[in-house]
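Structure record follows, encoded as structure tokens.
Keep in mind the model is a prediction, meaning the values are calculated, not measured. Below, chains carry the letters A, B, ... as their sequence lines are ordered, and counting in each starts from 1.
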Amino acid sequence: MRWSSAFIPTLRDAPADAEAVSHKLLVRAGFIRQLHAGHYSLLPMGLRVHEKVAQIVREEMNSIGGQEFLLPAMHPASLWKQSGRWDVMGDDMFRLQDRGGTDLALGMTHEEVFSHLATSLHSYKELPQLWYQIQMKFRDEQRPKSGLLRVREFAMKDSYSFDLEDSGLDRAFEAHHDAYVRIFERMGLNAMPVQASSGAMGGTASVEFMVPSPAGEDDVLVCDSCGYRANVERGTSQLEEVLDEDDGTTLERFPTPGVRSIADLAGLESQALAVQQIKTMVMVLDGELTLALLRGDHQLNLQKLQDSTGAIEVRPATTEETLEALGAAPGSLGAVGVEKIRVLADLALQGRFNMFTGANEDDWHLRGVSVEADISVSEWTDLREVEEGEACIDCGALLSVVRCIEAGHIFKLGRKYAESMGISVLDADGKAQIPTMGSYGIGIGRAVAAIAENHHDEAGLVWPMSVAPFHMLITVLDVDDRTSMRIAEKAETAFRAAGLDVLVDDRDARPGVKFADAELVGIPFRLTIGARNLEKGQIEFTPRSTGDTQMLDLDECIEAALKNVRSTK
RNA sequence: CGGGCUGUGGCGCAGUUUGGUUAGCGCACUGGUCUGGGGGACCAGGGGUCGGAGGUUCAAAUCCUCUCAGCCCGACCA
């Protein structure tokens, strides 16, 4: 490929609205261009990387017995109604109607369609099956952001396993786990498997593959000592037990003028440390007003609340709703004496007494609250978000919190979808059995962005060989020099014969421009042909990652470069 | 969904408060001369009607109304 005829629109400045490094660089280097919020065009360079990532995924999926499909992106609503997710998916699903008024949806995922196909399975002899595709998904994200990291239309590899027995599902899950480890390793991503929430899909085991990056949107608890890794939406820790002094204090109202927060109350009353307070959060779960109680110094994790209740829509109550339900404004809320409202309490409040909480009257609080005696707790559950520095649940060492990009997610669905979608096979005894399913995803575009996040420097992108748009860049400094061009062509032919993707920068531009573009675009190796060195019989060879240029003798430069490339591959 | 900010050539921006000639700058682009190993210089050019619609006015990028779009933060600390 000749740069002079390639479409690689590099930019000196990043668009003003780009924030994430990958976003800036992918746009500047001419890999992607935004069409609309959450919708990006892949330009030729971007598509090359995208395809290479997809190919790695494909190869590893095939290696564990996956069969590739290509399913429609647009689905009839009926299919989603059958699984029950037409309603569950809410506003995240793009919906439309055809001319006849039939409801349709753009697929956010393909459990339904694959399950529908799986109704053609009739015998246990046909199991297990492992099906996958790489197809566009559509999600009406509330807030697309960070270039390719969070978009509304994206290619995703999704696979589904069908097994008769739970042990088969375990094997499919493990196979995916190992395949994902290989996939991310091959594309240069340091992805760690992490315990995760299963979300609204239900299911048991759930593991996310997380790539550390400041551009990520997930926080992961990491224990360097024992290897514990969990998303904060799921992870727990050992909490130091609080021994409340049993000084016989009984429930008592006391005035707290102007107190509106945990900190205010702690400042007013020396006994009312945050640890001694009950934080009362008013939430609305699928329209039902619910109180979530936490220790004053703890924070609610919405996903945990959602997971423990199975609620679809979770939001904080408005001040009006709160006033109407409890009779007080936020700042003086409490659950003491509340009977008609569902009360969820975090496990850290179990057995606590002599605590402080709001009295449900503005400017009044209660002291001497015994959680179990004074509050009608409907359910005890884990609601709080673990913070950095807490003790690892497994080994007690200090946990750190690492910001990550979710690059992959595997989980066991169980029989829920198979059942609702009507999949069943006859077992060896001739009895109908519902197969158990697993669901496994990798976002291709997000992987591209994650690689860019992890492989760049001040000058630009630094692609790993495995996903580089081109492996070798031949920069010709003196395009009008016959000898230079002839050598470039010879090298190009030789490299291509060796299986490399080669780009020749034959633009009539100043060297500075070419070098700057070369570094921005991030092709792993560069051969620089300049008349000056040519006279000395030499050519330069520069790996993008180190920038260390070595001089090669003209007559052996091709072999020497290839040797170098192979040793890095 | 709440809050904030922003829409002016391909990209980055100024001009808007205090309406007033042909709407300006840098980069990019075209032609030319020179230059030729890290985004070079000079000369000459092309391209926008100021997100959209409506309104006020002799006159609107600038004021008013509506609308569309984009970005950031928040949507846990009651």
Side-chain angles (χ1 to χ4, degrees), chain A residues 7 9-20 23-24 27-28 30 33-39 90-91 140-147 150 219 232-233 256 259-266 274 277-284 291-306 313-319 321-323 325-326 328-335 346 357-360 362 365 383-385 387 459-460 475-481 484 507-520 526 528-534 540 542 547 549:
Chain A
F7 184 63
T10 58
L11 258 29
R12 190 179 291 219
D13 300 311
D17 48 27
E19 193 77 10
H23 186 191
K24 288 183 186 167
V27 172
R28 278 190 58 208
R33 203 111 308 176
Q34 184 181 47
L35 175 65
H36 179 53
H39 300 268
D91 291 335
D140 192 355
E141 293 284 346
Q142 300 182 60
R143 196 175 147 208
K145 58 181 281 201
S146 307
R150 189 170 205 78
D219 287 319
V232 292
E233 294 176 345
T256 51
V259 168
R260 287 291 172 273
S261 67
I262 301 278
D264 288 350
L265 185 59
Q277 297 189 38
I278 303 169
K279 182 188 287 186
T280 308
M281 306 193 52
V282 188
M283 306 297 293
V284 179
L291 299 186
L293 307 185
L294 290 142
R295 207 171 84 183
D297 58 332
H298 287 164
Q299 303 190 14
L300 174 68
N301 183 285
L302 280 180
Q303 190 64 48
K304 284 186 172 180
L305 177 63
Q306 198 163 15
E313 192 209 346
V314 173
R315 63 171 174 87
T318 62
T319 306
E321 286 168 327
T322 302
L323 262 173
L326 296 177
S332 302
L333 302 177
D346 182 67
T357 192
N360 286 336
D362 288 348
H365 279 74
L383 294 174
R384 75 181 186 92
E385 184 164 306
E387 285 181 11
T475 300
V476 183
L477 295 181
D478 308 285
V479 185
D480 297 328
D481 179 54
S484 294
R507 294 175 298 169
D508 181 17
R510 300 183 67 82
V513 174
K514 296 185 161 205
F515 292 144
D517 273 349
E519 279 150 13
L520 178 58
R526 183 175 85 213
T528 308
I529 302 175
R532 184 184 296 175
N533 281 321
L534 225 44
E540 287 165 47
T542 314
T549 294

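- G9(B) and C50(B): their P atoms are spaced 10 Å apart (whole Å).
- Residue Leu300(A) is classed as a base contact, given a heavy-atom separation below 4.0 Å to a base.
- Regarding Lys514(A), its NZ atom lies at a distance of 12 Å from the P atom of G37(B), rounded to whole Å.
- Taking atom C1' in both U35(B) and A41(B), one finds a spacing of 8 Å when rounded to whole Å.
- Leu383(A) CG to Lys279(A) NZ: the interatomic distance, rounded to the nearest 0.5 Å, is 11.5 Å.
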Anything under 3.5 Å between a protein N or O and an N or O of nucleotides 33-36 of chain B, put it in a table, one pair a line.
residue	atom	partner	partner atom	Å
U35(B)	O2	Arg510(A)	NH1	2.6

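- Counting heavy atoms from C-beta outward, Leu300(A) and Leu302(A) have side chains that approach closer than 4.5 Å.
- In this structure the side chain of Leu294(A) never reaches within 4.5 angstrom of the side chain of Glu385(A), judged on heavy atoms.
- On the P atoms, A59(B) is 30 Å away from A14(B), given to the nearest whole Å.
- Considering only side-chain N and O atoms, Gln303(A) lies nowhere under 4.0 angstrom from the phosphate OP1 or OP2 of C76(B).
- Distance from the side chain of Asn533(A) is smallest for G37(B) among the nucleotides C71(B), C11(B), G37(B).
- Using a 4.0 Å heavy-atom distance criterion, Glu519(A) is classed as a base contact.
- Put simply, CZ on Arg507(A) is 12 Å from P on A28(B), counting in whole angstrom units.
- Across the interface with RNA chain B, nearest-nucleotide mapping of Asp517(A) and Ala14(A) shows Ala14(A) to be the residue nearer the 5′ end.
- Atom CD in Glu19(A) sits roughly 17 Å away from atom P in C5(B) (whole-Å rounding).
- Scanning both residues, Ser332(A) and Val259(A), for their nearest heavy atoms gives OG-O, 4.1 Å.
- Closest to the side chain of Asp17(A), out of G37(B), C71(B), A78(B), is C71(B).
- Between Asp517(A) and Arg507(A), some side-chain heavy-atom pair lies under the 4.5 Å cut-off.
- Here the C1' atom of nucleotide C29(B) and the CZ atom of Arg12(A) are 13 Å apart, to the nearest Å.
- In this entry the distance linking CG of Leu520(A) with P of G38(B) reads 18 Å, nearest Å.
- Here, U18(B) and U8(B) have their P atoms 23 Å apart, quoted to the whole Å.
- Across all strands shown, C34(B) forms a Watson-Crick or G-U wobble pair with G40(B), both key distances being under 3.5 Å.
- With G12(B), A78(B), G70(B) as the candidates, the nucleotide lying closest to the side chain of Ala37(A) is G70(B).
- In terms of polar N and O atoms assigned as donor or acceptor, the side chain of Glu540(A) comes within less than 3.5 Å of the base of G37(B) in a complementary pairing.
- At a cut-off of 3.5 Å, with distance as the only test, a side-chain donor of Thr542(A) or Thr549(A) sits close to an acceptor on the other residue.
- From Thr10(A), atom OG1 reaches atom CZ of Arg28(A) across 8.5 Å, with rounding to the nearest 0.5 Å.
- Pairing of U18(B), defined by two Watson-Crick or G-U wobble distances under 3.5 Å, is not identified with any nucleotide.
- Separation of the P atoms belonging to G48(B) and A23(B) is 12 Å when rounded to the nearest angstrom.
- Candidate nucleotides C77(B), G37(B), G70(B) were compared by shortest atom distance to the side chain of Lys279(A), and C77(B) ranks first.
- Taking every side-chain heavy atom of Arg28(A) into account, G39(B) is the closest of G39(B), C76(B), C13(B).
- Gly530(A) comes within 4.0 angstrom of a base, heavy atoms only.
- With C1' as the reference atom, G46(B) and G37(B) are 32 Å apart, rounded to whole Å.
- Remark: His36(A) is in phosphate contact with G70(B), judged by side-chain N or O atoms under 4.0 Å from OP1 or OP2.
- Pairing partner, U49(B): none, since no Watson-Crick or wobble contact has both distances short of 3.5 Å.
- Residue-level contact check: Pro9(A) touches neither bases nor backbone, having no heavy atom under 4.0 Å from any strand.
- Across all strands shown, A28(B) forms no Watson-Crick or G-U wobble pair with both distances under 3.5 Å.
- Put simply, CG on Asp346(A) and CZ on Arg384(A) are 6.5 Å apart, with the number rounded to the nearest 0.5 Å.
- Asp13(A) places its CG atom 8 Å from the P atom of G12(B), with the value rounded to the nearest Å.
- Annotation: U65(B) and U56(B) have their P atoms spaced 15 Å apart (nearest Å).
- As judged by a 4.0 angstrom heavy-atom cut-off over every strand, His298(A) is placed among residues making no nucleic acid contact.
- For the pair Asp297(A) CG and A78(B) C1', the interatomic distance rounds to 15 Å; values are reported in whole Å.
- Atom CD1 of Ile278(A) is separated from atom P of C76(B) by 21 Å (rounded to the nearest Å).
- Shown here, C71(B) forms a base pair with G4(B); the pair counts as Watson-Crick or G-U wobble because both key distances fall under 3.5 Å.
- The side chain of Glu385(A) approaches C76(B) more closely than any other nucleotide in the set G37(B), C76(B), G39(B).
- Shown here, G54(B) forms a base pair with C64(B); the pair counts as Watson-Crick or G-U wobble because both key distances fall under 3.5 Å.
- Glu141(A) meets the salt bridge (Lys or Arg N to Asp or Glu O under 4.0 Å) test with Arg150(A); sequence neighbours excluded.
- Distance from the side chain of Pro15(A) is smallest for G12(B) among the nucleotides G37(B), G12(B), A78(B).
- There is no side-chain donor-acceptor pair under 3.5 Å between Glu233(A) and Gln306(A).
- Distance check on atom C1': C63(B) versus U16(B) gives 10 Å, rounded to whole Å.
- Nearer to the 5' terminus of RNA chain B, by closest-nucleotide assignment, is the contact made by Ala16(A) (compared with the other of Ala16(A) and Ala317(A)).
- Set against C11(B), C72(B), C76(B), the side chain of Lys145(A) has C72(B) as its closest nucleotide.
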